[in-house]
Structures are given as C-alpha cells and as structure tokens.
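Please read the structure below before turning to the comments.
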Amino acid sequence: MNTGPARGMRDFLPEDVRRRQYVIGVIADVYQKYGFEPLETPAVENLETLQGKYGEEGDRLIFKILKRGEGAETGQADLALRYDLTVPLARVIAEYRAKLPKFFKRYQVQPVWRADRPQKGRFREFYQCDVDAIGSTSMVVEAELLSAAADVFLALGFKEFQIVVNHRKLLNAVLDHAGVPAGLHGAALVIMDKADKIGVDGVRKELAEKGLPEGVAKTLREELASAPPPDLSAWMNQQASALNDEGKEGIEDLRQIVALCQSTSAGPHLALDRSLARGLSYYTGPIFEIRVADLAGSLGGGGRYDNLIGMFSGDNVPASGISLGLERILVVMGERDMFPAAVVSTPADVMVVQWFANRTNLYLSFATELRQAGLRVELYPDAPIEDGKKVGDKQFKYASARGIPFVVVIGADELAKGTVTVKNMKTGVQTAVPRAETVKWLNS
RNA sequence: GUGAGUGUAGCUCAGGGGUAGAGCGCCGGACUGUGGCUCCGGUGGUCGCGGGUUCAAAUCCCGUCACUCACCCCA
C-alpha cells in the first residue's frame, strides 16, 4: 500500500504548516493595509464557468469531475476544481454586482488545482494569493497592486526581486507592425514569451516554423533586442510614433504605471520586458510578473482583464489583479533559509514532568494554572513506573527533541517545600521557584 | 503531451553477477533525582513490482509503477 499523497499533492507536517501560516499572515496583513477585503469561493466550479477562459493550454489542465451517475460510464464531466482565483472572482462579480461596492477590492488566499506534471516549484494543488481591484480603468489600480506585491516581498525579507511589466496592446501593435496576421498573434506571443530562454535566434527559428515570413522574424527580433534605455519616457515617445493607436494606448498606460510607481515601494523593482506575454488568454492591458534569480518560473503574475467579467454578465467591468504563488515563495524562502527562528520551532512554552504515577491530578491542576495564565503547556502523558525512577530518560528527552524551552519538575523535595524546579533546557540551569510564582518566573 | 535520471534499513546513501553495508535514527545500558556530549550493547531491508537471461541477479535485459528534474505551459 502506497502511503504517499497523490501525485503533485503534499501533506503538510506541523513545521510546514507553521511556515505556510507565517507567509500567508504576512501577505494578508499587507493586502489589508491597502484596503483589500477577504473573499472565499468554492473549490468546485461548474465546468462551463472555467472552460474557454485560460486558452487552449490552460483548458487542457483543468481537473474535471465526472458527472454523478451516468458520468461514471460515459466519462462526461460537468464540474471542475477551480483552476485559478480570477475566474471565480469574475463569476462572483457578475452574480453580486449590485451588492458590492462600486470599486471592489478583494484578496483571496485559497488552493487551486491543475492537472499538470509536477516539477520544482510546481504542484497539482497549490495556493494562490490574489489581489484584484474591480471597477476602475485607472492605472492607479496597477500602481497599487504592484506596490502591494512589492510590500509583501519586502516584508518577507526579499531584497532582490524584479517586477516586470509589459502591455498586451503594445504587444499586439508590435505584432501588427511586424506583419503577423491576427490569427497567429497567440502563437507569436507564446514564442516571444520564451525569448529569455531560447534566445533571439530561437525565437526566429520557431516563428519560421509557424510559417511566418523572414521579415516578421527580423522585425520582431529587432523589437526584442532593443532593451529600453534608462530614459523610459523618451524611449516610449519614440516607440509610440511608430505604432498604431492601440500601441500608443499601451505605451501611455505603461508610462503612467512607471511614473506612478515611483511614489510606491514598487518603483525600485520595476522593469520593462518587451517580450513578456503571459499565457492566459483573458488579459487585455498591462501584464506583470515577479521574478527572482534562483527560480526558473515566476513568483507571481497578473494583469488587466477588462473583458472577463463581461463573459459572465454581458456588460464589461474593468478589472486588474495580481496573483502570488505561495508554494514558490516557500520554495525560495526555504532554500535561502529566510524564516524567522520562532516560526520553525517551539510547540509549547513549558512541559510539566509527571514524577509520581499516582499524583497525576496534581500535575494536571498545575498545568491548568499555567495555561490559565496564558502559557502554552504540555503535560507528558506517561508517568514513570516507580516514583522518581528514570524520569528523565523519556520525559526530558522528549522535551528536548521537541524544542520545548522549559521543563517543570514537582518531585519529593519540591512537594515538601512547596516549590517547583524549573529547568532551562537550553542552558541546563535549574532553579527552585515557589509554586505560586512559577508563571511570574517563566514570564520574566 | 515530450525527454532524462533515480528507486537498497525509519532517513541520507554505498555496493554494478556468488544470496546485503555505513552514517544518522530508534531501543537498552553506564554517568546525572533529569535531555543534548561520551562510552558499551542491541533493533533493523523478500534491494519498487512483474517477467526474462544465468548454475547463481540488488547487480545484466524487457516491461511496469512511483518519485525527481527538464521541456511545453504556468504560480
């Protein structure tokens, strides 16, 4: 019998859970500072809600659930595990628009599922930490989203990270300018997105395979090869003159984002990447990705999706958001040993030793006293067979292995004097303390 | 969906044709009313699973499953 979890899924032991809760706590705190409100949605959505939102590749990775009854035989599915948090949000907006504020800002930290093949930093069940702002087309939204994301990484102790931005409209304009037919925009975007991995020559080769003429590859290569200079504003002006109206809109949005971010935490980490494309098909405007050097994939990504909610409600509601990948953040933080010491250990503040097998109630009531005073107290469940004999072999070893900092003994001497002996497990120093002053002593 | 690598004790791994080894852990003991250090003793595995070659397979071959990594795509 295989006792491991299902492929791509993981069990989280206490130490893991503590780390996860720590990171989630930091993220939620930052998001709340920006006025985002919490939202939760079901793990399961109707299949039709999800299909057609993520692009061809994305749709393939949806975990489908067989229809009850006949589904077992026909293989027909009508439900699916949620694939991301953005599409369920769009559904919620379409459903509750009237009840929600004009500008709705929500954060959501929940697991999503993808029928992917696992590898480093990639799982079939993983948490996303999303922030989205609904109802405004202003680039202030983007600036705040990026600033919040930057604050999260700074609060977690990251110093070197990049917030990479680009714009779907700019990409479309560049593709048009290069002569890529509208039908091949998607394929060309995917190839451009890989530019950092396969290099400029690889891009040219793959474009040729798609049947795009040599001139296209040449133009795109030139676009890609031209890294934006430090003077972004001048560069953008120069670019804009060569592009159509759509491209100019993209440039203008990016210009605003860059300018607005200078007043936020995101500013120093912002970078333009003209080849950033992102796979999800629902993006319509600015797109972003958060990267660090030691991980191939991104730690987070997002963008503006002004038409997605309209796919549910009919009328378009502008929206933009960003999603942080909890698992990848944890992978990197684990490798770099970035967790505060307190997060990793101390399941209890103090352990009470059972010295006399026939005085368990004494130890229980003592533990109760300490707990009522606010301490986390563990009582060792087994008493020694003979009073006082071999007490420590098991009990002290257990406390030591669990990293419990203090152990309290009430043995014969202590009972006679009305004291307890407190042992500091780190230093090995033992102190006799009047029983009534134990809490005071431990807290000092 | 494609490709590569790895499956041997609870864990990390060695052994590359003659029926298994280390370190750590775990259990017991010495020393302390009592852990970490030291010392002594002990526990430990049909070598992922199935088949084949061979007098003989953990070892070679085929298949299968699992895990890991990379590609694709993504967080």
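Reminder, nothing fancy here: chain letters follow the sequence lines and each chain counts from 1.
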inquiry  = Tell me which residues in residues 22-47 of chain A lie within less than 4.0 Å of RNA chain B, going by non-hydrogen atoms.
reply    = none
Separation between SG of A:Cys261 and CE of A:Met139, rounded to the nearest 0.5 Å = 11.0 Å
ask   = B:U2 P sits how many Å from A:Arg60 CZ, rounded?
value = 10 Å
remark   = Per the O4'-C1'-N9-C4 / O4'-C1'-N1-C2 angle with a 90° window around 0, B:G16 comes out syn
task = Measure across A:Leu276 and A:Leu171 and return the closest heavy-atom pair with its distance rounded to 0.1 Å.
result = O-CD1, 3.3 Å
Interatomic distance, A:Leu47 atom CG to A:Ile62 atom CD1 [nearest 0.5 angstrom] = 6.5 Å
query = If each of A:Ala401 and A:Gly58 is mapped to the nucleotide of RNA chain B with the nearest heavy atom, which maps nearer the 5' terminus, i.e. the 5' end?
reply = A:Ala401
note = In whole angstroms, the gap separating C1' of B:A75 from CG of A:Leu81 amounts to 17 Å
Between B:G10 and B:G5 - P atom distance, rounded Å = 28 Å
note = From CE of A:Met351 across to P of B:U34 the rounded distance in Å is 13 Å
task = Tell me, with the steps shown, if A:Gln354 and A:Thr360 meet side chain to side chain contact (heavy atoms under 4.5 Å, CB included).
result = CA-CA 7 Å; A:Gln354 282 213 63; A:Thr360 303; 3.1 Å; yes
inquiry  = What's the separation between atom CZ in A:Arg10 and atom CZ in A:Phe126, rounded to the nearest 0.5 Å?
reply    = 10.0 Å
ask   = NA contact type, A:Gly55, heavy-atom cut-off 4.0 Å: base, sugar-phosphate, or nothing?
value = nothing
request  = May I have the distance from A:Gln395 (atom CD) to B:G33 (atom P), rounded to whole angstrom?
outcome  = 16 Å
Distances under 3.5 Å between protein N/O atoms and the N/O atoms of nucleotides 25-30 of chain B, please, pair by pair.
residue: B:G28; atom: OP1; partner: A:Lys394; partner atom: NZ; Å: 3.3

inquiry  = What is the separation between atom CD on A:Glu57 and atom P on B:U2, rounded to the nearest whole Å?
reply    = 13 Å
request  = For nucleotides B:U53 and B:G15, find the distance between their P atoms and express it as a whole number of Å.
outcome  = 28 Å
key: Same-atom distance (P) from B:A66 to B:C49, integer angstrom   = 15 Å
ask   = Within the side chain of A:Thr368, is there an N or O that forms a donor-acceptor pair under 3.5 Å with the backbone of A:Leu364?
value = yes
inquiry  = Rounding to an integer number of angstrom, what distance separates B:C67 and B:C31 when you compare their C1' atoms?
reply    = 45 Å
Euclidean distance for C1', B:G41 against B:U19 (whole angstrom) = 28 Å
task = Using whole Å, report how far CG of A:Leu61 lies from P of B:G1.
result = 11 Å
request  = Dot-bracket notation for RNA chain B is requested: 5' to 3', Watson-Crick or G-U wobble pairs only, both distances under 3.5 Å, with ( ), [ ], | and . as defined.
outcome  = ((((((((.[[[[.).....]]]].(((((.......))))).....(((((.......))))))))))))....
inquiry  = Using whole Å, what does the distance between atom C1' of nucleotide B:A75 and atom CD of A:Gln110 come to?
reply    = 16 Å
inquiry  = With a sphere of 6.0 Å drawn around CD of A:Glu40, does it hold more than 12 non-hydrogen atoms of other residues, nucleotides or ligands?
reply    = no
message = The test is side chain to side chain contact (heavy atoms under 4.5 Å, CB included); show your working for A:Ile309 and A:Asn316 and say whether it passes.
response = CA-CA 6 Å; A:Ile309 296 165; A:Asn316 278 342; over 6 Å; no
message = For a quick check of understanding: with a heavy-atom distance under 4.0 Å over all strands, which category does A:Leu324 fall into, base, sugar-phosphate or nothing?
response = nothing
task = Could you check whether the rings of A:Phe153 and A:Phe158 sit parallel, tilted or perpendicular, using 30° and 60° as the cut-offs?
result = perpendicular
note = A:Val30 and A:Ala148 have their tightest heavy-atom pair at CG1-O, 3.5 Å
query = Roughly, in whole Å, what's the span from CG in A:Asp132 to C1' in B:A75?
reply = 14 Å
Parallel, tilted or perpendicular, as decided by the 30° and 60° cut-offs, for the rings of A:His269 and A:Phe161 = parallel
query = Taking the side chain of A:Ser400 as its heavy atoms from C-beta onward, which of B:C73, B:G1, B:G36 lies nearest to it?
reply = B:G36
query = What do you reckon, is CD of A:Glu335 surrounded by more than 12 foreign heavy atoms closer than 6.0 Å?
reply = yes
ask   = When you look at A:Tyr380 and A:Val353, which way does the side chain to side chain contact (heavy atoms under 4.5 Å, CB included) test go after all the steps?
value = CA-CA 6 Å; A:Tyr380 194 85; A:Val353 165; over 6 Å; no
key: For RNA chain B, the residues among residues 411-443 of chain A that have a non-hydrogen atom under 4.0 Å from it   = A:Gly411, A:Asp413, A:Glu414, A:Lys423, A:Met425, A:Lys426, A:Gly428, A:Gln430
Straight-line distance of A:Ile134 CD1 to A:Ile93 CD1, nearest 0.5 Å = 4.5 Å
ask   = What nucleic acid atoms does A:Phe123 come within less than 4.0 Å of, heavy atoms only: base, sugar-phosphate, or nothing?
value = base
query = If you draw the axis of the six-membered ring of A:Tyr283, does the NZ or CZ of A:Arg168 fall within 45° of it and under 6.0 Å from the ring centre?
reply = no
request  = With heavy atoms under 4.0 Å as the rule, sort A:Val409 into base, sugar-phosphate or nothing.
outcome  = base
key: B:U43 to B:A58 separation - C1' atoms, rounded to the nearest Å   = 23 Å
Listing time: all N or O pairs from protein to nucleotides 64-68 of chain B that are below 3.5 Å?
residue: B:C67; atom: OP2; partner: A:Arg7; partner atom: NE; Å: 3.2
residue: B:C67; atom: OP2; partner: A:Arg7; partner atom: NH2; Å: 2.9

message = Can you confirm whether the side chains of A:Arg19 and A:Gln21 place a donor and an acceptor under 3.5 Å from each other?
response = no
Would you list the protein and nucleotides 9-13 of chain B atom pairs, both N or O, that sit under 3.5 Å from each other?
none

message = With rounding to the closest Å, how many angstrom separate the C1' atoms on B:A75 and B:G17?
response = 48 Å
ask   = Where do A:Thr41 and A:Arg82 land on the side chain to side chain contact (heavy atoms under 4.5 Å, CB included) test, with the steps shown first?
value = CA-CA 9 Å; A:Thr41 64; A:Arg82 92 182 138 226; 3.5 Å; yes
task = Find the distance between OH (A:Tyr31) and NZ (A:Lys105) and round it off to the nearest 0.5 Å.
result = 12.5 Å
task = Compare every heavy atom of A:Asn307 with every heavy atom of A:Thr284, then report the nearest pair and how far apart it is.
result = CG2-ND2, 3.6 Å
request  = Considering only atom P, compute the distance from B:A56 to B:A14 and round it to an integer number of Å.
outcome  = 29 Å
ask   = Can you name the closest pair of heavy atoms from A:Pro111 and A:Glu125 and give their distance?
value = CB-CG, 4.2 Å
inquiry  = Between A:Glu45 and A:Tyr83, do the side chains contain a donor N or O and an acceptor N or O under 3.5 Å apart?
reply    = no
